[in-house]
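Lettering of chains follows the sequences in order, A, B, ..., and the numbering in each one begins at 1.
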Amino acid sequence: MTQAYIEIKDLTFARGQRQIFDGINLEIPQGAITAVMGPSGCGKTTLLRHIGGQLQADSGSVSVAGVQMNGLSRSELFALRKQMGMLFQSGALLTDLNVFENVAFPVREHYQFDESMVRDIVLMKLEIVGLRGAAQLMPSELSGGMARRVALARAIVLDPALMMYDEPFTGLDPITLGNIVTLIRSLSKSLGITSILVSHDINESLSIADYLCVLAEGKVVAQGPVEVVKATASPWLKQFLTGSTEGPVDFHYPATSRANDFHLEAKS
Amino acid sequence: MRQTKNLELMVGVFVFLGLASLVLLAFNISNLGNSFSSPSVYSVKAHFDNVGGLRTRAKVTMSGVNVGRVVSVAYDQKISRALVTMEIQSDYPLTTDTQASIYTAGLLGEQYISLEPGAEDEVLRDGDSIYLSQSALVLEEIVGKVLVNLTTK
Amino acid sequence: MMRNLFERTGEKTLGFLQRLGRASIFLFHVLKGFPIVLTRPKLLLDSLYSVGVLSLLIIVFSALFVGMVISLLGYVTLVDFGAEQSLGVLVALSILRELAPVLTALLYSGRAGSALTAEIGLMKATEQLASIEMMAIDPIRRVITPRFVAGIIAVPLLTLMFMVVGIYSGYLIGHGWLGVDEGSFWAQMQSKVQWNYDILNGLLKGFIFGIAVNWIALFEGYDAVPTSEGVARATTRSVVYSALIVLALDFILTSIMFVEV
């Protein structure tokens, strides 16, 4: 395993009564794509929020690029975040700005570049996602896939060292899906960006991920290079990775006996 | 860019309208315009046995013309009478034997001070006192007097 | 049953205090970002357009009708006492002291306040605020502060316009229709209306209402449950709370400003 970019040690976190993380230990290697997977509601997105410093751990520690996230001052946190890009599930484009201004937004907020320089940077990033021609459109005029590509351009506009993708494959048509998969891979491989991919689309994720981490019920069930995890999978994990209905996870939510609910008392 | 210009213009017009309203309120609707045209006033005092319902900011008139305002109504412990301070516009000099009376505007209206100039040559200066005063008519007192007159006859 | 009632009252009170605390911290944070409107006036300008210019029409029309109604009702009452000459005073004082600040604040909360709540709530629900934060930009400073400052500038300005439009429309009805003498209408008004007492106090009311309404609207949006249902509820709450707070504040301010006990 190469050097770890993100280290998570004994992370616990509860929201109200619900224990979301119960002592998680995780390492995200530098310059590779790590897929974080798990059933719905197991806290994959919450994990990203901890890495981005939007949530504070109840106990344990999260460190990014050697910096402890706990107890950072606001300005230190913001300095760290300038090296992070995050692609939100909904795209999260600012609805009152057009595509160009959306991508230019972080640049304008952080730097006092002159207009021609901003233009060059923005059009370059839009070219990467193939939407240079859509620069003047408003977010409401974009399809879901286009919006996600614009959001991707915005996330990489400050050339981050770390990219976080929150469910990048959900709700896309097959062609757009292929585009996004290719984009994520090429961004990681050509620019050496450390990438974290949170998803439950198994096939797409496994096709580009170098490392795999599976979360379930607040714990890390498996982590390591994809092939290793696949080879040593438990029955539960095998069922999860193949998406089969047969296995230890029952289709039925735990209930009282059928006889009881359907009034099928044995007639004597 | 054109849109931006338009927006700036509209906001400019908006702020201008607001400030113009303020100016209009100051000079056309309130008394600020008047006090600007004759800003100088002088204050005189007067003692009354009874001020009735006289309040601060009540008007002070001479022959029905507004010449000033009551600034304060207080009780003077030393001579056990009410002390009324008023501001008179400098355009209206008052003789030293001016008489101050408290009247009521209409049957149910508010009370005001009416000044009647006398015959002296000397005029009151800032801070001087009017020594001729007539108190407010209090309805209960009049009714009481009438009743006494009726019963003693 | 009794125990249940007390428990629920306590729970509600605690919840309220908690919200009040969060709202205070929020306001502090908003005010701390104030320099941004000086360094980037464009942000303030954009917000002034959406909260101020867009509320102008409803304020002007309402003022027009309110002035006319006050003039009509006032005349009907005053003419019985032969005091219709005082119509100008009555119209001016009721509008300046009471109606302009209160109605402007209520109308503003319906027009601009609800829009602010919905806008901020939707930005939260669609993760726009979270994404701004992930770009290492403070969303309160960048998004909320300019709107708040624009709001507390816009409400007093709108109040002033309400005052002028209301009084002139009252004059139109009083003089043009009811035939009150023009001279005594204005002269009595000018001698009775005091700049620093009536107008500045009315304006001060408008300013205080402006702070309350914008604070409530922006906080409700920022604190909304990030779902479409949550945003809808927050918008309703924003208007209801604004109305209640404005009327309660109005009672307190009126008793301090205009009543000599």
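Heavy atoms of other residues, nucleotides or ligands lying less than 6.0 angstrom from CZ of A/R74 number more than 12. No more than 12 heavy atoms of other residues, nucleotides or ligands sit less than 6.0 Å from atom CZ of A/R119. Environment of CD in A/Q112: sparse, with no more than 12 heavy atoms of neighbouring residues, nucleotides or ligands closer than 6.0 Å. C/R237 CZ: more than 12 foreign heavy atoms inside a 6.0 Å radius. Annotation: A/K9, atom NZ; neighbour count of heavy atoms from other residues, nucleotides and ligands within 6.0 Å does not exceed 12. Enclosure of atom CZ in C/F207 is not indicated, since only 12 or fewer non-hydrogen atoms of other residues, nucleotides or ligands lie within 6.0 angstrom.
In terms of heavy atoms, A/F78 sits closest to C/D138 at CE2-N, 3.5 Å.
Atom CG in A/L97 sits 9.0 Å away from atom CD in C/Q128 (nearest 0.5 Å). Taking CE of C/M134 as the reference point, atom CG of A/L48 lies at 8.5 Å (rounded to 0.5 Å).
Residue contact with chain A, scored on non-hydrogen atoms closer than 4.5 Å, involves the side chain of C/I132 exclusively.
Identified by a heavy-atom distance below 4.5 Å to chain C, the contributing residues of residues 145-173 of chain A are A/R154, A/M164, in residue-number order. Chain C is approached within less than 4.5 Å, heavy atom to heavy atom, by A/M86, A/F88, A/Q89, A/S90, A/A92, A/L93, A/L94, A/T95, A/D96 from residues 85-96 of chain A, ordered by number.
The shortest distance between side-chain heavy atoms of C/M135 and A/R81 does not fall below 4.5 Å.
With respect to the salt-bridge test (charged N to carboxylate O, under 4.0 angstrom), the residues C/R40 and A/E109 qualify.
Judged by distance alone, the side chain of A/H110 and the main-chain N or O of C/I137 form no donor-acceptor pair under 3.5 Å.
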